[in-house]
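A short worksheet on the structure shown next.
Everything numeric here is computed off the predicted structure, so don't read it as measured data. Both ligands and their constituent atoms are indexed starting at 1 by order of listing. Below, each value reflects all heavy atoms present in this structure, side chains not excepted, and no hydrogens, waters or symmetry copies.
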Amino acid sequence: MPILVTGGAGYIGSVTVDQLRAKGEEVVVLDNLGRGHRSAVHQDVPFYQGRVGDRVLIARIAAEHRIEACVHFAALAYVGESVLEPAKYFENNVEQGIALMEGLLEAGVRLVVFSSTCATYGEPDHIPISEKCRQWPTNPYGWSKLAMERVLDSYGRAYGLKFVALRYFNAAGATDHRGEHHEPETHLVPNVLAAARSEKAELSVFGNDYPTPDGTAIRDYVHVSDLAEAHTLALDYLRLGGDCNFINLGSGTGYSVQEVIEAARKVTGHPIPTRIEARREGDPSKLVADAKKARAILGWDPRMSDLPTILRSQWVWRQKHPLGYD
Ligand SMILES: NC(=O)c1ccc[n+]([C@@H]2O[C@H](COP(=O)([O-])OP(=O)(O)OC[C@H]3O[C@@H](n4cnc5c(N)ncnc54)[C@H](O)[C@@H]3O)[C@@H](O)[C@H]2O)c1
């Protein structure tokens, strides 16, 4: 029975669609293409362009495909934009997310893998961050994801929804066929590489006065292929009757912005000029995962999530696709 992948034309969704298909799964994609790329989804995959909040459309997809499970990636995911336009985030990520869950339940779909985020922790009270750490987001994006976690938990208890909420740290890297291309691009790795390719004169570094050894913010980067694999493992876990769960996906290693720039200089052989700017509102100083639970419960082993592999893969993809998906 097919898996419905919402946001399957986006960065992580498109890689997951490829991996699910490679495992012999049938996949159906729903994406409004607001931030995704039609060409990131193989022509053979049934594709619906529309909103996850469209209950009529969800019912139609379920009727046409006898959906077994849903992997729900679709969301708006820019921290800065969420600070300026919170209403847009709560409508898209929460209101539409709830409508999707209602539609799935009505159609008898009980298994859900949800894209959550380390942004639900906010400024962490403990590093590395385990699933038990306090969740208190520092921006509306994080709150919208935390709200959906609470919705899933409540629906699990009341309506028998079975879910795994995967809290990703920073997705990065590319496969042979899919890479990271957002418009606008706010993520560090593609921006560092754009500066290496002279697509931008300088790389903006937001804040060099964080309480970290070199003053720049520290993040945990996880390769998009490793992330995608965790979704296939989470589906297997749910199919085998696994309990509802919240699971971090990170490499367990933190790199500062400055360290990523240095590593990118080595991988690309280009100088990468930088300019220091003010911190971005809502950006915590340090986010590094404790990913033991993912290993223990899902058997997840992130083999590609070292910084050189991440940078090299996105560098190769971008060289092959100088305009990204355009
Ligand atoms: N990229 C990261 O580092 C990261 C980290 C943590 C969590 N996440 C989460 O992972 C998911 C995927 O992230 P991504 O980087 O691939 O983002 P993305 O923007 O590349 O993909 C999201 C996709 O969802 C679609 N979409 C958004 N709202 C929709 C709606 N209402 N109806 C239908 N389609 C809609 C967009 O068009 C896009 O194709 C998001 O939920 C994001 O919050 C991402």
Side-chain angles (χ1 to χ4, degrees), residues 4-18 28-41 47-55 57-58 61 70-79 81-82 88-101 103 112-121 129 137 139-149 165-175 178-191 219-228 230-231 247-251 287 289 305 310 314 324-325:
L4 174 63
V5 179
T6 73
Y11 170 45
I12 310 169
S14 62
V15 175
T16 306
V17 167
D18 285 354
V28 175
V29 167
L30 167 61
D31 198 300
N32 64 6
L33 296 182
R35 301 263 154 109
H37 311 274
R38 180 63 185 90
S39 58
V41 184
F47 184 88
Y48 292 81
Q49 182 172 354
R51 301 157 68 246
V52 296
D54 182 343
R55 291 277 298 270
L57 179 58
I58 302 298
I61 295 172
C70 175
V71 184
H72 178 35
F73 289 101
L76 297 175
Y78 292 141
V79 167
E81 183 182 64
S82 80
K88 194 164 141 181
Y89 274 68
F90 289 113
E91 189 281 329
N92 193 80
N93 296 358
V94 185
E95 219 174 297
Q96 289 198 45
I98 292 172
L100 172 66
M101 294 309 140
V112 172
V113 180
F114 173 63
S115 300
S116 189
T117 165
C118 61
T120 60
Y121 294 110
I129 303 168
N139 53 65
Y141 164 65
W143 282 110
S144 75
K145 289 288 181 174
L146 185 55
M148 276 310 292
E149 284 197 2
L166 296 171
R167 295 179 186 149
Y168 322 151
F169 283 63
N170 284 50
T175 67
R178 318 269 175 237
E180 182 161 19
H181 174 192
H182 292 110
E183 288 290 348
E185 189 58 80
T186 60
H187 295 109
L188 180 64
V189 167
N191 278 329
R219 294 288 179 273
D220 178 326
Y221 296 90
V222 53
H223 196 285
V224 67
S225 293
D226 287 333
L227 278 185
H231 294 75
I247 299 178
N248 284 345
L249 296 179
S251 69
L287 296 171
S305 295
I310 285 173
Q314 174 71 14
Y325 287 106

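Of the candidates K145, E149, R167, S116 forms a side chain to side chain donor-acceptor pair (under 3.5 Å) with just one, namely E149.
Across S116, A119, A171, A77, heavy-atom proximity to atom 7 (C) of ligand 1 is greatest for S116. Closest heavy-atom approach to atom 6 (C) of ligand 1 within the set Y168, Y11, F114: this belongs to Y168. For atom 18 (P) of ligand 1, the candidate residues are E183, H182, R35; the nearest heavy-atom contact is made by H182. Distances from atom 44 (C) of ligand 1 to the heavy atoms of V5, I12, L227 put I12 nearest.
Using a 4.0 Å cut-off to heavy atoms of S115, the atoms of ligand 1 that qualify are 9 (C), 10 (O), 11 (C), 41 (O). Those atoms of ligand 1 that come under 4.0 Å of a heavy atom in F73, given as number and element, are 11 (C), 12 (C), 40 (C), 41 (O). Those atoms of ligand 1 with a heavy atom of T117 less than 4.0 angstrom away are 6 (C), 7 (C). Within the listing of ligand 1, atoms 32 (N), 33 (C) sit less than 4.0 angstrom from a heavy atom of G50.
Protein heavy atom nearest atom 28 (N) of ligand 1, with residue, atom name and distance: N92 ND2, 3.1 Å. From the protein, the heavy atom lying nearest to atom 21 (O) of ligand 1 is G10 CA, 3.4 Å. Looking only at heavy atoms of the protein, atom 42 (C) of ligand 1 is closest to Y141 OH, 3.5 Å. Protein heavy atom in closest approach to atom 22 (C) of ligand 1: A75 O, 3.9 Å. Among protein heavy atoms, the minimum distance from atom 34 (N) of ligand 1 is reached at N32 N, 3.1 Å. When only non-hydrogen protein atoms are considered, atom 32 (N) of ligand 1 lies nearest to V52 N, 3.0 Å. The protein atom (non-hydrogen) at minimum distance from atom 39 (O) of ligand 1 is D31 OD2, 2.6 Å.
Using a 3.5 Å distance cut-off with no hydrogens or angles, the side chains of Y168 and S115 do pair a donor with an acceptor.
The side chain of K145, and not its backbone, has at least one atom closer than 4.0 Å to an atom of ligand 1 (non-hydrogen atoms only; side chain from C-beta on). Contact annotation for L33 and ligand 1: only backbone heavy atoms (N, CA, C, O) come within less than 4.0 Å of the ligand. Only the backbone of F169 comes within contact range of ligand 1, with a heavy atom under 4.0 Å; no side-chain atom does.
For A9, the heavy-atom gap to ligand 1 drops under 4.0 angstrom. Judged by the shortest distance from any of its heavy atoms, T6 lies outside the 4.0 Å radius around the atoms of ligand 1.
Backbone and side-chain nitrogen or oxygen atoms of N170 are examined, and none is located within less than 3.5 angstrom of a nitrogen or oxygen of ligand 1.
The residues R51 and E95 are annotated as not salt-bridged, no charged nitrogen and carboxylate oxygen being separated by less than 4.0 angstrom.
Ring pair F73/H231: centre-to-centre distance below 6.0 Å.
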